[in-house]
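One structure below.
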Amino acid sequence: MRKKDLIGWSYGLPFAALLLGGVLALLGAQMILVKQDRERLDEYASGLLDRAREVAMVSADLLALVQHSGNVPCSKDDIAELRVLAFQSRLLRDVGRVRDGRIICTAGWGDLVPPVTLPPYRLETARGVRLWTSVGNIVDPRIVADMAGQGDVIVFTSPNAFELFEHPPAGIGALVTNSDSGYVFQRFGDVRHLEGGKEQYSMLGRSQTLYQCSPPGGVDVCVTAGYHEINILKRPLPLLAGVAGLGGLAGVGLGLALASWRRERHSLAMQLRRALLHGDLHIHYQPLVCLRDRRMVGAEALARWEDDEGEGVSPEDFIPMAEHMGLMSSLTRQIVRKALDGVRERLVDDSGFYISINLTASNIADAEFHLFLQKELASRGISPCRVVLEITERSTAKHCHLIEGIEALRALGYRIYVDDFGTGYSSLSYLADLPIDAIKVDKMFTRAIGSGSATERIVEQICAMVGPLGIGLVVEGIETEQQAAYVQAIVPEVIGQGWLFGHPVAADRLGETEVTGENTCGTSASDAPEGRDC
Ligand SMILES: Nc1nc2c(ncn2[C@@H]2O[C@@H]3COP(=O)(O)O[C@H]4[C@@H](O)[C@H](n5cnc6c(=O)[nH]c(N)nc65)O[C@@H]4COP(=O)(O)O[C@H]3[C@H]2O)c(=O)[nH]1
């Protein structure tokens, strides 16, 4: 991701998050509101259904009881019995006797003279119970009654039976019906929006309907109850502002956290960590050429890495970064494995071709790393004599700690070269102390060849020094024939590395730069230190 895009993200995201947070908070509040109202609706409807079932069951029981009482209808004993039963009932107000479609007596009114003519019933249930709803002018014009009759008995529902449900919570309406014909026994609140028997629910929905029936086999009652206006936007403005504001703030917080997470995720350091984890580093190989016969005697393994955008990052940048992040051990191990794999075939043939791998001072001093190297080489059948380990002069500043490591590695057959020679401050002193096999002259000196400068004279001195010290010489950064001829004139068996012989390339392109012939240079696999088994 480009820097500009990241900045866009960093600033744009919190603003978007502010808006989104506000909207989401309102949506969340609407969902909470719907859920709360749904719970309230459920509670109301369940209570109402229980009460309707109770009324129906009590009525059915009383109708059966009176029919089988054995009393002579409206006799003194019968009316006394009816009074006791009516008195004991919480949900029924009166019970009476019917003959020829007329009420002839009730517990409350005694003998009715003349008898009260019943209007046609509204519904007859499967069990033969006849039902009347809201019948006016029964005995007295002020009375409106719900009644149920069976045989010659009739019961009057108490006007208080549904008292608790007469004033439902604001917005709720309910119908008590039977299940098949939708016959309405009772109505509560505003029922205009209720379509009998249709359940309707959604998390954000503005109207909700709930439909519940009594279990099959018993009395047949159902309740349809619903809300028709659940809308957060109709709540008081300060509440809305508070909810949206809090949501917006939470959104901004989240947005900032996300932006910083993205920045972090896209930072080069994070990308490098991920690349190491996924094994995304790869190797390019640069030919090491014997200047005398221009034969490629080996190659230096150079780490390559492309960031998330596919742009190559220089090892001069990511190697110090990995060092700083404490990742060098895992980076070097990954490089070693890949470097060996890439040119394994050349390393096991009998050409003497060697691979030169860059290490850190801590790798050299680490006995576990030595074991790792041994294991990796053994598993590929590669001899340590075919591996050169380069340490930079800068890292050799702590050379007192390195001597042991270098000696151990050399004893195993590896050759140790000092890289970037001449760029550090202690070059000459450690040259005497460290048991190394060769030095690699840094390209800044090579560049000075032909300039007649003081630096050019230093190159001459460095080249002249290796003979008496008995160590090999590799010269980096050779770009011209003039530079090649200059160093070869001083050290005939010098090894050269540079664009003149080939750029660093992938393993499969390394052969393109190869020059065949006898190796007539000193620093080759066959030139291992004395006493070593190569
Ligand atoms: N101008 C010029 N440059 C040339 C020429 N020939 C080669 N070079 C460049 O010089 C560098 C030589 O590698 P180095 O001295 O080991 O210097 C290396 C080495 O110190 C470090 N490095 C690279 N790979 C690794 C690795 O796997 N591990 C460690 N620890 N360091 C590595 O990064 C440094 C830079 O590597 P690169 O960017 O690949 O740069 C390479 C190479 O591409 C030339 O003719 N002219």
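Basis for what follows: all heavy atoms, side chains included, without hydrogens, waters or symmetry-related copies. Counting starts at 1 for both ligands and their atoms, following the listed order.
The pair D341-K338 does not count as a salt bridge, with every side-chain nitrogen at least 4.0 angstrom from each carboxylate oxygen. Salt bridge absent: R295 and E493 never bring a charged side-chain N and a carboxylate O closer than 4.0 Å. Residues R274 and D308 are paired through a salt bridge, judged by an N-O separation under 4.0 Å between the basic side chain and the carboxylate.
The structure places CD1 of I436 at 11.5 Å from CD1 of I403, a figure rounded to the nearest 0.5 Å. To the nearest 0.5 Å, atoms CD1 (I355) and CD1 (I357) are separated by 5.5 Å.
In K440, neither the side chain nor the backbone holds a heavy atom less than 4.0 Å from any atom of ligand 1. By the criterion of a heavy-atom distance under 4.0 Å, the side chain of E390, and not its backbone, is placed next to ligand 1. Under 4.0 Å from ligand 1, the heavy atoms of I335 that appear belong solely to its side chain. Residue contacts with ligand 1 for I478 involve N, CA, C or O but no side-chain atom from C-beta outward (heavy atoms, distance under 4.0 Å). By the criterion of a heavy-atom distance under 4.0 Å, the side chain of D419, and not its backbone, is placed next to ligand 1. Contact annotation for H503 and ligand 1: no heavy atom of the residue comes within less than 4.0 Å of the ligand.
If you number the atoms of ligand 1 from 1 as listed, the ones under 4.0 Å from a heavy atom of P504 come out as 43 (O). Heavy-atom contacts of D420 reach the following atoms of ligand 1: 15 (O) (cutoff under 4.0 Å). Proximity to G498 (heavy-atom distance under 4.0 Å) selects the following atoms of ligand 1: 6 (N), 45 (O). Each of the following atoms of ligand 1 lies closer than 4.0 Å to a heavy atom of E479: 1 (N), 2 (C), 44 (C), 45 (O), 46 (N).
The heavy atom nearest to atom 19 (C) of ligand 1, considering only N358, V313, I283, I319, is found in N358. Considering each of Q483, M444, K443, the one bringing a non-hydrogen atom nearest atom 3 (N) of ligand 1 is K443. For atom 15 (O) of ligand 1, the choice among E316, E476, M328 with the nearest heavy atom turns out to be E476. Looking at G496, P320, P315 and measuring to atom 22 (N) of ligand 1, the nearest heavy atom belongs to P315.
Across E390 and S356, no two heavy atoms sit closer than the pair OE2-OG, 2.7 Å. Shown here for L276 and S330, the closest heavy-atom pair between the two residues is CD1-OG, 3.9 Å.
Backbone and side-chain nitrogen or oxygen atoms of R304 are examined, and one is located within less than 3.5 angstrom of a nitrogen or oxygen of ligand 1. Among the atoms of T360, none of the N or O lies under 3.5 angstrom from an N or O of ligand 1. Considering backbone and side-chain N/O atoms, S314 never comes within less than 3.5 Å of an N/O atom of ligand 1. Polar contact check, A303 against ligand 1: a nitrogen or oxygen pair lies under 3.5 Å apart. Considering backbone and side-chain atoms alike, Q497 places every N or O at 3.5 Å or more from each N or O of ligand 1. Where the criterion is an N or O separation shorter than 3.5 Å, residue side chain and backbone included, R447 fails it with respect to ligand 1.
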Dump the intermediate steps for side-chain contact (heavy atoms from CB on, under 4.5 Å) on D420 and K440, then the final yes or no.
CA-CA 6 Å; D420 304 331; K440 290 187 77 176; over 6 Å; no
Show, in sequence, the C-alpha distance, side-chain angles and deciding distance for E404 and R410, and conclude whether the salt bridge (Lys or Arg N to Asp or Glu O under 4.0 Å) test is met.
CA-CA 10 Å; E404 254 180 59; R410 290 186 82 230; over 6 Å; no
Check the pair T446, Q483 against side-chain contact (heavy atoms from CB on, under 4.5 Å), reporting the backbone distance first and the verdict last.
CA-CA 7 Å; T446 315; Q483 290 164 342; 4.0 Å; yes
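Cation-pi geometry between R333 and F372 is satisfied (NZ or CZ under 6.0 Å from the ring centre, within 45° of the ring normal). At least one test fails for R386 against the ring of Y354: distance under 6.0 Å to the centre or angle within 45° of the axis.
Considering only residues two or more places apart in sequence or on other chains, C463 meets the disulfide (SG to SG under 2.5 Å) condition with none of them.
Contact annotation: E300 has at least one heavy atom less than 4.0 Å from an atom of ligand 1.
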